[in-house]
Amino acid sequence: MDAVRVALLREVLAGTQWPGDARRFAGSLRRSVAPAGGKLLLVGTEGYEPWHMAAHLVDEAAWSGLPELAPTLVRHRVRPGEPPHLSVGLGRLAAAGRGHTVLVVAPREPGEGLLERVHDARRAGATVLSLDGGDRDLGALAHDALSVPDGGAELDLDTVQHLVSAAAGENGPPDRRGSRRRFRDRLAGLADRLTAPPPSRW
């Protein structure tokens, strides 16, 4: 989802809690990763890998001049021969501690195994953030959580991930090398994007 469609989505959701909640949560994410210069671990559940969240955060990190937003995707299953950036297993959470941020994306119940690992990471000093479907145990573990109940009338968790990742990249330092040029380049393409047909879904 590009900047124009995020802006349109925010217009549609104006008057609801979601734009403000997404910006608040994104602020928590930025504050947690900035002092350590990164060390962001992104993990989903056994049945849900947050590929899109990872990709959007990488894009926002590059565009905003905030490299600390680029996450390490932690996976429940790693197949032999996969590239290094897709070969980080759950054991990585065991090494998380002070200076790390663990961002959990869990549309449904995270499972006892993941909860135990996240609990251990928090006890070791990691900051835990959660984008979830309302799981109470995960919410209790998180330093900050944004919950989107499954079957909500307004939007789903995938859409909230777009809002959060876009907000996380906003207000980056204006003096970072190349950030102003990238901003101008992005603006130059907005007119073309406005005339493009919308996707079948957000």
Side-chain angles (χ1 to χ4, degrees), residues 1-11 13 18-44 48-75 78 82-89 92-93 95-96 99-105 126-131 144 146 155 157-196 198-199 201-202:
M1 185 181 293
D2 61 34
V4 173
R5 294 194 173 98
V6 170
L8 292 174
L9 178 59
R10 286 171 175 165
E11 279 191 33
L13 295 172
W18 298 111
D21 283 357
R23 286 192 171 99
R24 175 196 57 76
F25 187 83
S28 294
L29 176 59
R30 282 199 307 269
R31 287 190 297 273
S32 68
V33 299
K39 298 184 179 180
L40 173 59
L41 304 177
L42 175 63
V43 62
Y48 180 87
E49 286 193 315
W51 293 98
H52 286 102
M53 187 70 174
H56 289 310
L57 285 174
V58 168
D59 287 345
E60 293 297 336
W63 176 77
S64 66
L66 297 170
E68 58 268 24
L69 286 175
T72 296
L73 181 62
V74 177
R75 307 180 65 196
V78 177
E82 291 189 303
H85 69 286
L86 298 178
S87 299
V88 180
R92 183 67 182 83
L93 295 180
H100 288 88
T101 299
V102 179
L103 174 56
V104 184
V105 181
T127 298
V128 176
L129 303 177
S130 173
L131 279 170
D144 195 357
L146 181 54
L155 75 175
L157 187 61
D158 284 341
T159 305
V160 172
Q161 290 178 64
H162 288 297
L163 291 172
V164 169
S165 58
E170 291 174 344
N171 302 320
D175 58 345
R176 292 291 183 102
R177 181 177 300 175
S179 61
R180 290 182 177 177
R181 178 180 55 78
R182 286 190 296 269
F183 182 65
R184 289 194 299 269
D185 291 345
R186 201 171 191 184
L187 285 179
L190 292 186
D192 292 337
R193 293 175 186 176
L194 281 170
T195 59
R201 56 169 293 180
W202 288 105

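Along the sequence shown, residues are numbered consecutively beginning with 1. Just the heavy atoms: all of them, side chains too, but no hydrogens, waters or symmetry mates, feed the values below.
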### Task
Check the pair L29 / L129 against side-chain contact (heavy atoms from CB on, under 4.5 Å), numbers first and verdict last.
CA-CA 8 Å; L29 176 59; L129 303 177; 3.9 Å; yes
### Task
Work out which heavy atom in F25 is nearest to a heavy atom in D144; give both atom names and the distance.
CE1-O, 3.6 Å
### Query
With sequence neighbours left out, what residues match S130 under side chain to side chain donor-acceptor pair (under 3.5 Å)?
D132
### Query
Roughly how far apart are L66 CG and E60 CD, rounded to 0.5 Å?
9.5 Å
### Message
Could you report the tightest heavy-atom contact between S64 and G169, atom names first, then the distance?
### Response
CB-O, 3.1 Å
### Query
Quick one: does R75's side chain have a donor or acceptor within less than 3.5 Å of a partner on L86's backbone?
yes
### Query
To the nearest 0.5 Å, how far apart are CG in L163 and CG in L131?
10.5 Å
### Message
Applying side-chain contact (heavy atoms from CB on, under 4.5 Å) to D158 and H52, what does each step give before you reach the verdict?
### Response
CA-CA 8 Å; D158 284 341; H52 286 102; 5.9 Å; no
## Note on the structure
The salt bridge (Lys or Arg N to Asp or Glu O under 4.0 Å) partners of R92 (sequence neighbours excluded) come to none
### Query
What are the two closest heavy atoms between L69 and A61, and how far apart are they?
CB-CB, 3.9 Å
### Heavy-atom pair of closest approach, residues A126 and V102
CB-CG2, 4.3 Å
### Message
Determine whether L41 and H100 satisfy the following criterion, side-chain contact (heavy atoms from CB on, under 4.5 Å), listing intermediate values before the conclusion.
### Response
CA-CA 7 Å; L41 304 177; H100 288 88; 4.3 Å; yes
### Query
Side-chain donor-acceptor pair under 3.5 Å between T101 and S32, yes or no?
yes
#### Entry: All side-chain contact (heavy atoms from CB on, under 4.5 Å) counterparts of S165, not counting sequence neighbours
M53, H56, L57
### Task
For residues L42 and P71, report the shortest heavy-atom separation together with the two atoms involved.
CB-CB, 3.9 Å
### Message
What verdict does the side-chain contact (heavy atoms from CB on, under 4.5 Å) test give for L73 and H85, after you've listed the backbone C-alpha separation in whole Å, the side-chain angles of each residue and the deciding distance to 0.1 Å?
### Response
CA-CA 7 Å; L73 181 62; H85 69 286; over 6 Å; no
### Query
Any donor-acceptor pair under 3.5 Å linking the side chain of R30 with the backbone of E68?
no
